[in-house]
Student: 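Take a look at the following structure, please.
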Number of protein chains: 2
Amino acid sequence: MDHAANGLDDNLLETVLRQKDELRKSDRRVAEVVLAAPGEVVSMTLAQLAKAAGVSEPTVIRFCAAIGCEGFRDLRVKLARSMAFARTTSHTAITSEDDLGAVMTKIFDYNLSNLNWAQSKLDQEAVRAAVDLLAGARRIEFFGFGASGIVARDAQQKFPLFGTPCGAPADAHQMYMTAEMLGDGDVAVGVSNTGHTREIVTALQVAQENGAGTIGITGQPSPMLDHCDVALVVETLENTDLFTPTVSRLSHLVVIDILSTAVSLRRDEAHHQRITQMKARLAQRRGSP
Amino acid sequence: MDHAANGLDDNLLETVLRQKDELRKSDRRVAEVVLAAPGEVVSMTLAQLAKAAGVSEPTVIRFCAAIGCEGFRDLRVKLARSMAFARTTSHTAITSEDDLGAVMTKIFDYNLSNLNWAQSKLDQEAVRAAVDLLAGARRIEFFGFGASGIVARDAQQKFPLFGTPCGAPADAHQMYMTAEMLGDGDVAVGVSNTGHTREIVTALQVAQENGAGTIGITGQPSPMLDHCDVALVVETLENTDLFTPTVSRLSHLVVIDILSTAVSLRRDEAHHQRITQMKARLAQRRGSP
DNA sequence: GCGCTTTCTGTAGTTATGCTACTTTTTGAT
DNA sequence: ATCAAAAAGTAGCATAACTACAGAAAGCGC
């Protein structure tokens, strides 16, 4: 993977925002222009930016150095990258003042950069371990509440791709009961963005104690992982604003996609043919008038 | 809205990949270098790139023009931006030969570009009409099966943001019953990527006949829309390959995010405070040991 | 195959952009 | 009020990007 394409170091807009207050007066004027219209700045020339900020060219150069760029060229490149990657960085929270267009843009952007982020952070070896476990499972149970419950249910629906009986108990009692019944050769997958949801943690613990393999899909290292054989930490760009929707769902769903697809790929040809047949019949059923 | 910052037009790497075969011989050599190491190219100088590709500087410039850039500067900027998306939508299908890394990359890329696509295609006025309907609704019911059922359920969970009683009947019978009970002031939202699912179409028809407002979330113009007051067509990049996961879910979920957020924004301050409180209490409940 | 046109590609020269060395101004402390 | 240190600007230089032109290669009718 291209290391230059990820990491916070790369997120120039954020750096600028953070350091703005500690900058020299003139540099700050440059910073303001950059933050206000990064899209324009990217295609500006040094002289143009200097003029726009009302400072001299060398000041702009010094600004570049101050925020950790090699020079103006470097600034442009880093800025362009930062813009696409975190269109959201400058993303102001959603407020009552936003018109519909702004809300649409913000939500899409937020979800997109979040997925991007998740991709760059997802540990391939952990995924491999998870696939190993799942591919060998006799039975798979997915545990999740709320938004994560949606993810668990989605995973359970992917049953045909897994080629293994899958369940996703909906309430806490069913969850306990199910976890208690698991044993050697079974796998429990806990989904919880916070990783703190008590019922999920307990269910995984019970499952593990009974000899089942356990996988945790979460947004951060957390208590849940104490009871997980495999930890899939899907980092999300935290944002606790009032109207920010649950973005973690999407990343988690993609992880489910990856797991189910990878497991399916390990199956034999006969299995693949059954999937093809299933898809065809489903389409037929849907299409019939 | 920064139009240059979204849409597929922006994905230079993809443009290069698509046009590569139609380029002049020397230009193609440049294209190969760009595709092979876009990360390097971004921080290269014109002369360096020319040397790396084994061609003259003007050739590189002509290459820039050929793929739709203003000049070398522009190429760098666009390339940097495209890189952050880091996805040549070269979605070759997923096959049994792919290793895990490839599968991960492909699934993420496919989902990401699909979201991008959906964003550029989603009609703001349709969304506005949907929000108008939902904001005034007395009760909202979401209908969906399979993957779309997940979306419906997610929408139903967003109940607190809507501030309106929401339902998402799971099976066909419940769906009919629910649809039959809807009336003036109620809203039915049908989710179906194909737009052909019989039960959903019927449920919407029934709801509409009974005087309820109807909204359709679908991947293409389809029979379902005949019974919809508002059509939210969320175009997806079609791909019928065996292992391609259901990508439409994600776009549809984002649409739900947008709808619920926009509806919530129309509520008053008291409503917002209740959401804040709800979030705080939920976090507390989760966190408790 | 030959001359002709058309399309590519490279050389050399021009513009203008980014950067540096140095000077002036401002700020702040004694 | 004076001086030292930091900040901002001026002017000039090196280099990078671009353009005009000319030579080479490829297509095409005869």
Side-chain angles (χ1 to χ4, degrees), chain A residues 12-13 15-16 18-83, chain B residues 4 12 15-16 18-83:
Chain A
L12 191 68
L13 276 169
T15 310
V16 175
R18 263 207 319 269
Q19 298 199 344
K20 200 182 82 172
D21 295 332
E22 297 153 21
L23 290 175
R24 291 181 284 265
K25 197 167 51 181
S26 302
D27 287 11
R28 208 173 311 148
R29 261 183 286 170
V30 181
E32 260 143 34
V33 174
V34 171
L35 288 172
E40 316 290 312
V41 173
V42 158
S43 46
M44 271 182 183
T45 156
L46 175 61
Q48 287 173 320
L49 176 55
K51 195 177 167 193
V55 300
S56 70
E57 300 187 15
T59 298
V60 175
I61 302 258
R62 280 186 284 260
F63 162 80
C64 295
I67 58 166
C69 292
E70 299 285 328
F72 186 69
R73 280 172 230 280
D74 194 40
L75 174 91
R76 270 202 300 218
V77 168
K78 289 213 173 107
L79 194 58
R81 198 174 290 164
S82 170
M83 276 200 26
Chain B
L12 190 69
T15 311
V16 174
R18 262 206 322 267
Q19 298 199 345
K20 200 181 81 170
D21 295 332
E22 297 154 20
L23 290 175
R24 292 180 281 265
K25 197 167 52 181
S26 302
D27 288 11
R28 208 173 311 148
R29 261 182 286 169
V30 181
E32 260 143 34
V33 174
V34 171
L35 287 172
E40 315 291 313
V41 173
V42 157
S43 45
M44 271 182 183
T45 156
L46 175 61
Q48 287 173 320
L49 176 55
K51 196 176 166 195
V55 299
S56 69
E57 300 187 15
T59 299
V60 175
I61 304 255
R62 280 186 286 260
F63 163 78
C64 295
I67 58 166
C69 292
E70 298 286 328
F72 186 70
R73 283 171 227 281
D74 194 40
L75 175 91
R76 269 203 301 219
V77 168
K78 290 214 172 103
L79 194 59
R81 200 175 288 166
S82 172
M83 278 224 356

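Naming: A, B, ... by sequence-line order, numbering from 1 per chain.
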Student: How many Å lie between CZ on B:Arg73 and P on C:dA16, as a whole number?
Tutor: 11 Å

Student: Could you give the CZ-to-P distance, from B:Arg24 to D:dG27, as a whole number of Å?
Tutor: 14 Å

Student: Considering all heavy atoms of both residues, which atom of A:Val33 and which atom of A:Val41 are nearest to each other, and what is their separation?
Tutor: O-CG2, 4.0 Å

Student: Give a yes/no answer on whether the side chain of B:Thr45 brings an N or O atom under 4.0 Å of OP1 or OP2 in D:dT15.
Tutor: no

Student: Calculate the interatomic distance between B:Glu57 atom CD and D:dT15 atom P; express it in whole Å.
Tutor: 13 Å

Student: Counting side-chain heavy atoms from C-beta on, which of D:dC18, D:dA8, C:dT11 comes nearest to A:Asp27?
Tutor: D:dA8

Student: Nearest of D:dC18, C:dT11, C:dG18 to any side-chain atom of B:Pro58?
Tutor: C:dT11

Student: Taking 4.0 Å as the cut-off, does a side-chain nitrogen or oxygen of A:Lys25 come that near to OP1 or OP2 on C:dT27?
Tutor: yes

Student: In this structure, how many angstroms lie between the C1' atom of D:dC18 and the CZ atom of B:Phe63, rounded?
Tutor: 17 Å

Student: D:dG9, C:dG18, D:dA20: which one has an atom nearest the side-chain heavy atoms of A:Val55?
Tutor: D:dG9

Student: Whole angstroms only, please: what is the CZ-P distance between B:Arg29 and C:dG10?
Tutor: 7 Å

Student: Under 3.5 Å, which donor-acceptor pairs do the side chains of residues 46-72 of chain B form with other protein atoms, sequence neighbours left out?
Tutor:
unit_1: B:Gln48; atom_1: OE1; unit_2: B:Thr45; atom_2: N; d: 2.7
unit_1: B:Ser56; atom_1: OG; unit_2: B:Thr59; atom_2: OG1; d: 3.0

Student: Looking at the base of C:dG10, is there any donor atom on it, or on the side chain of B:Arg62, that sits under 3.5 Å from an acceptor on the other one?
Tutor: yes

Student: What integer distance in Å separates A:Leu75:CG from C:dT17:C1'?
Tutor: 15 Å

Student: May I have the distance from B:Lys51 (atom NZ) to C:dT9 (atom C1'), rounded to whole angstrom?
Tutor: 19 Å

Student: Within the pair A:Arg76 and C:dG18, is there a side-chain N or O less than 4.0 Å away from OP1 or OP2?
Tutor: yes

Student: Would you mind reading off the distance between B:Met44 atom CE and D:dT15 atom P, rounded to a whole angstrom?
Tutor: 19 Å

Student: Counting side-chain heavy atoms from C-beta on, which of C:dC8, D:dG9, C:dT17 comes nearest to A:Thr59?
Tutor: D:dG9

Student: Between C:dC19, D:dA17, D:dA20, which nucleotide has the shortest distance from any of its atoms to the side chain of A:Ile61?
Tutor: C:dC19

Student: Can you tell me if B:Ser26 touches the phosphate of C:dT9, counting only side-chain N or O atoms and a distance under 4.0 Å to OP1 or OP2?
Tutor: yes

Student: Considering all heavy atoms of both residues, which atom of B:Arg76 and which atom of B:Met44 are nearest to each other, and what is their separation?
Tutor: NH1-O, 2.8 Å

